[in-house]
There are 2 protein chains.
Amino acid sequence: MYYVNGKEYICSVSIVQDIFNDKWKLGIIWHLLEGEKRYKELFEEVSEITQKTLTIKLRDLEEKHLIKRVVFPEIPPKVVYSLTPIGEKLRPVLKEMFEWGILYVKECGEVTKMNACEVKFSN
Amino acid sequence: MYYVNGKEYICSVSIVQDIFNDKWKLGIIWHLLEGEKRYKELFEEVSEITQKTLTIKLRDLEEKHLIKRVVFPEIPPKVVYSLTPIGEKLRPVLKEMFEWGILYVKECGEVTKMNACEVKFSN
DNA sequence: CAGGATCCATCAAGATACTG
DNA sequence: CAGTATCTTGATGGATCCTG
């Protein structure tokens, strides 16, 4: 039994389940795997997300210690988001998801357009 | 660009995201990693799920070719669910989630009660 | 630039009862 | 045993406008 973020979990997988039972957070992490990003960059890269939702998700990820938020006291404002060490450790998880997704498409779907989908796992 | 289950995805991770953006499906897969299960077994093992929700999720997973449903024409009825080959290939994904969850607890949470959480990855 | 504030629509999911 | 059928609710996310 685990206790984290004010909740109890019977299995460590359910922690991951709970954190990422969400339409956006995985995508945000995905883009942050490339390196730190400004708010605006994330807003543009995480396709279709609204500002309100992005803000909420960033706050939530920060609260759960998966990302770090650094504010530069400038005008205009500059805020940079990056993965924490534990957030960075999600890379292998995303990698497995990425690879399974490709297997799944091969079996049950199709590639409709080639795009050099960012390879974040070359290392 | 990928096309699967009537939708387009820009990245294979978003396929996984889409399938498992859900409170229950990961847990169902998790229990099926142990082997085939009857409806009732899943109902008991996936803690807190209702019958209605379980049925919906099983149907959805079946439609997406992640699980197989076999009906035995008996009275009383017997229905057995199991992972398809592509469903079985989710094992490494779940494994990474499992392991990351443990790291996460070490860093940000605590183990409140020891329980020999099913180790499905001993192989 | 990086958000905050509102209002609103949707839908997943819970509760409960019923059935071939 | 393995589901269905309704009804209800709460949270997520969308749309739009505002601001230090």
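Note that the structure is predicted; figures quoted are calculated from it, not measured. Here is how names work: the chains are called A, B, and so on, in the same order as the sequence lines, proteins then strands, and each is numbered from 1.
- Look at B/Y39 and you won't find any side-chain N or O under 4.0 angstrom from OP1 or OP2 of D/dT4.
- Taking atom CD1 on B/I28 and atom C1' on D/dA2, their separation rounds to 14 Å, with Å as the unit.
- Atoms CD1 (B/I75) and P (D/dA2) sit 12 Å apart, rounded to a whole Å.
- Counting heavy atoms from C-beta outward, A/S12 and A/Y2 have side chains that approach closer than 4.5 Å.
- When heavy atoms are screened at a 4.0 angstrom cut-off, A/F72 is found touching no nucleic acid atom at all.
- Around the CD atom of B/E36, the shell of radius 6.0 Å holds no more than 12 heavy atoms that belong to other residues, nucleotides or ligands.
- When the shell of 6.0 Å around NZ of B/K68 is examined, it contains 12 or fewer heavy atoms from other residues, nucleotides or ligands.
- Boundaries of the chain B contact region on DNA chain C are C/dA13 to C/dG20, first to last in 5' to 3' order (nucleotide atom under 4.0 Å from a heavy atom).
- In this structure, the NZ atom of A/K25 is 11 Å from the C1' atom of D/dT12, given to the nearest Å.
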Protein proximity profile, nucleotides 13-20 of chain D - base contact B, sugar-phosphate-only contact S, no contact -, cut-off 4.0 Å on heavy atoms: BBB----B
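- Using a 4.0 Å cut-off on heavy atoms, the residues of residues 63-70 of chain B that approach DNA chain D are B/R69, listed by number.
- Residue B/R38 places none of its side-chain N or O atoms closer than 4.0 Å to OP1 or OP2 of D/dG3.
- Taking the six-membered ring where the residue is Trp, B/F98 and B/W30 present parallel rings, their angle staying beneath 30° rather than reaching 60°.
- A/Y39 places a side-chain N or O within donor-acceptor distance of the main-chain N or O of A/Q51, the cut-off being under 3.5 Å.
- At a threshold of 4.5 Å between non-hydrogen side-chain atoms, the residues A/E48 and A/W24 count as touching.
- A donor-acceptor pair under 3.5 Å links the side-chain atoms of B/Y104 to the main chain of A/K64, judged by distance alone.
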